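Heads up: the structure comes next, in structure tokens.
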Amino acid sequence: MSFATPYINIRGVSQIFRSEHQKEVIALDNINLNVRRGEFLCLLGPSGCGKSTLLNAIAGFTLPSAGSITVDGRAIHAPGPDRGMVFQEYALFPWMTVEKNISFGLEIQGATKTAIREKLDMLLTMLQLRDFRERYPKDLSGGMRQRVAIARVLALDSPIMLMDEPFGALDALTRHNLQDELLRIWAEFKKTIVFVTHSIEESVYLADRTVVMTYRPGTIKQEVHIVLPRPRDPASIEFNRIETELAQWVMEEQYRHQQDEIKGSGKTH
Amino acid sequence: MKSPKLLTWLPGAIVPCVLLAVWQAVAVSGIVSPLILPSPLAVAKKWIEYLSPYEPFDPRRSGYLAWLISGELLHDAYASLRRVVSGFVIGAVLALPLGLFMGASEQVYKLFNPLVQLLRPIPPIAFIPLAILWFGLGDPPAIFLITIGAFFPILMNTIAGVRHVDAIYIRAAESLGANRWVLFRRIMLPAASPYILAGARIGMGTAFIVVIVAEMIAVNSGLGYRILEAREFFWSDKIIAGMITIGLLGLAIDTGMSQLNNWLLKWHRGLEQR
């Protein structure tokens, strides 16, 4: 595996949705993007820029209207356990306990009881969920729920983790803890992560590379490689310089998004 | 010292007590014939009589427990309950798979929905003549009617439940490698269960209404039969005692269903829950 080999290869991907009034919305327009193995990539942009749409296409939840996505050379047609998904809304199964949620993927793939127990023990310890194993999701805080959701994906040893604003609904302190934890997991398990966020700071803190997307139609506006050593210090001059640079790109799109909203959401074009 | 629990309970008891007192006063005043309105005390006396064994205890003929439950009321309640449970179980066993398929598949829904919409507004009671024609008298027509009463609420709620399953659970399960069968059994069924159980509770309520009516017409046992029989003898005290028994049994069934719901849905916080 050479450093430059594209692992996730997105070629000419467009996504067109039809709204209620048969109006076409171009969510993605000719996206070309490569993610290399082990990379931590952030998709950054205002809401409506198609970053979640792109993530859903990689996940296989929606098939692109045009273009192709391959992972390790194989085309994506459907969702699968090689690409674990972490949702902003957690999407834990509320009728299963923490333990059952985490082992669900292994269970349906017919893993042995001992294999499941070993994996479970490891993950519960690593994500500090040991005391919560019998709880139902409704009895957990947002941060705890997202730990369970991460553990559920880790259980399957998916080489790729897709994360859709996973920490967006959490308070700042919890978010910071989980960011550090995610970086630890990423380094330890050598995951490839595609992480959607609208927080500029979050993307500078986490990513190897941040891709800024444009507001409707969604295209790639700018790519910024972030080569700061980790752990990164958000108070450092370098960190702030990159943040300011990204902010310029993002704010332009945010402005367009606002103008569009003022004009009325019915007239998207 | 009054306990706080008694204090919260007390206001609710005032109205029934006043009502009972007025009823007793009217009944003993002689304004109304006791044939039309027996006094509450007479009803209570009759209820105990109805509950008690008919013959004195004879150890040569039966065990003590068997004797204790040999009263007419318990026999009637058992007969009614047995019919409700049989009809309900048959109705649920038919409605649940059909509802799951109709909810999950647009084609199946299109195939069955017109028929369902056509039959659903017909009150189960309106099936009585046909039930008797088809099944004669006795348990079969009664159970048939109860089945119909339980079937539609469970069916409609199961369809709605499956259709309201949040798509995010499906996505999460698919990305964890779930195939269609796993999706159906481990995701859609439990996610729809709050709806299904609400339907079961409504279905049980309908079944209980239907059993009383069915017993008045098609059978000669059970609580519904007993109060109609009592009317023919002008036993108004027994009619009211029977009605109270029906009320108590209905309350017991509904409480049982509600307890079962709470236990099965202990994970459920409400509809805002993800």
Side-chain angles (χ1 to χ4, degrees), chain A residues 52 55-56 58-62 76-98 100-111 134-140 142 145-146 148-158 160-164 169, chain B residues 96 99-100 103-106 154 157-158 160-201 257-274:
Chain A
S52 292
L55 197 73
N56 284 338
I58 302 172
F61 296 141
T62 49
I76 298 299
H77 296 297
D82 58 324
R83 286 151 287 139
M85 183 84 176
V86 179
F87 302 86
Q88 180 178 8
E89 314 89 321
Y90 321 114
L92 297 177
F93 306 125
W95 53 91
M96 296 183 196
T97 58
V98 164
K100 283 280 169 195
N101 263 289
I102 297 173
S103 57
F104 176 77
L106 287 171
E107 219 180 282
I108 62 175
Q109 279 171 24
E134 299 290 338
R135 299 260 191 108
Y136 286 96
K138 68 165 177 154
D139 299 324
L140 300 177
R145 287 186 204 181
Q146 206 52 294
V148 178
I150 290 169
R152 184 169 72 169
V153 165
L154 290 177
L156 288 172
D157 289 325
S158 325
I160 298 172
M161 283 176 82
L162 306 174
M163 309 185 83
D164 193 359
Chain B
L96 197 63
L100 290 173
S105 155
E106 197 57 37
I154 299 176
N157 270 43
T158 305
V162 174
R163 293 191 148 198
H164 281 91
V165 174
D166 196 325
I168 203 168
Y169 298 141
I170 311 269
R171 286 189 163 186
E174 278 178 343
S175 82
L176 292 166
N179 59 28
R180 285 189 69 93
W181 170 242
V182 170
L183 218 55
F184 197 70
R185 203 176 62 82
R186 302 281 309 267
I187 306 298
M188 296 204 318
L189 190 61
S193 61
Y195 279 85
I196 297 172
L197 289 169
R201 201 168 162 189
M257 289 295 280
S258 156
Q259 294 294 319
L260 183 71
N261 266 17
N262 290 345
W263 181 72
L264 285 172
L265 299 180
K266 56 182 186 290
W267 52 270
H268 191 59
R269 186 171 63 180
L271 289 173
E272 92 282 9
Q273 162 78 17
R274 282 207 185 264

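Chain letters run A, B, ... following the sequence lines, proteins first and then strands; every chain starts at 1. The analysis underlying the following values was restricted to heavy atoms, covering all of them including side chains, and did not include hydrogens, waters or symmetry mates. Just so it is clear, the model here is predicted, and its values are computed rather than measured.
In this structure, the separation between NZ on B:Lys266 and CG on A:Asp139 is 11.5 Å, given to the nearest 0.5 Å. Residue A:Tyr136 holds its OH atom at 10.5 Å from CG of B:Leu265, rounded to the nearest 0.5 Å. In this structure, A:Ile102 CD1 and B:Leu176 CG are separated by 11.5 Å, a value rounded to the nearest 0.5 Å.
Under a 3.5 Å cut-off, the side chain of A:Trp95 and the backbone N or O of B:Leu264 do not form any donor-acceptor pair.
Remark: B:Arg201 engages B:Asp254 in a salt bridge (Lys or Arg N to Asp or Glu O under 4.0 Å) (not counting sequence neighbours). Residues satisfying the salt bridge (Lys or Arg N to Asp or Glu O under 4.0 Å) criterion with B:Arg163, sequence neighbours excluded, are B:Glu106.
The minimum heavy-atom distance between B:Ser175 and A:Phe61, with the atom names listed, is CB-CZ, 4.0 Å. The shortest non-hydrogen separation linking A:Ala91 to B:Tyr169 is O-CD2, 4.3 Å. Looking at every heavy atom in both residues, B:Gly177 comes nearest to A:Pro81 through CA-CD, 3.9 Å.
Contacts of B:Ile187 with chain A are made by both backbone and side-chain atoms, with heavy-atom separations under 4.5 Å.
Per-residue counts of heavy-atom pairs under 4.5 Å with chain B were compared for A:Gln109, A:Arg152, A:Arg83, A:Met85; the largest is that of A:Arg152. Counting heavy-atom pairs under 4.5 Å between each of A:Asn56, A:Ile108, A:Val86 and chain B puts A:Ile108 at the top.
Contact annotation: the side chain of A:Phe93 never approaches that of B:Arg186 to less than 4.5 Å [non-hydrogen atoms, C-beta and beyond].
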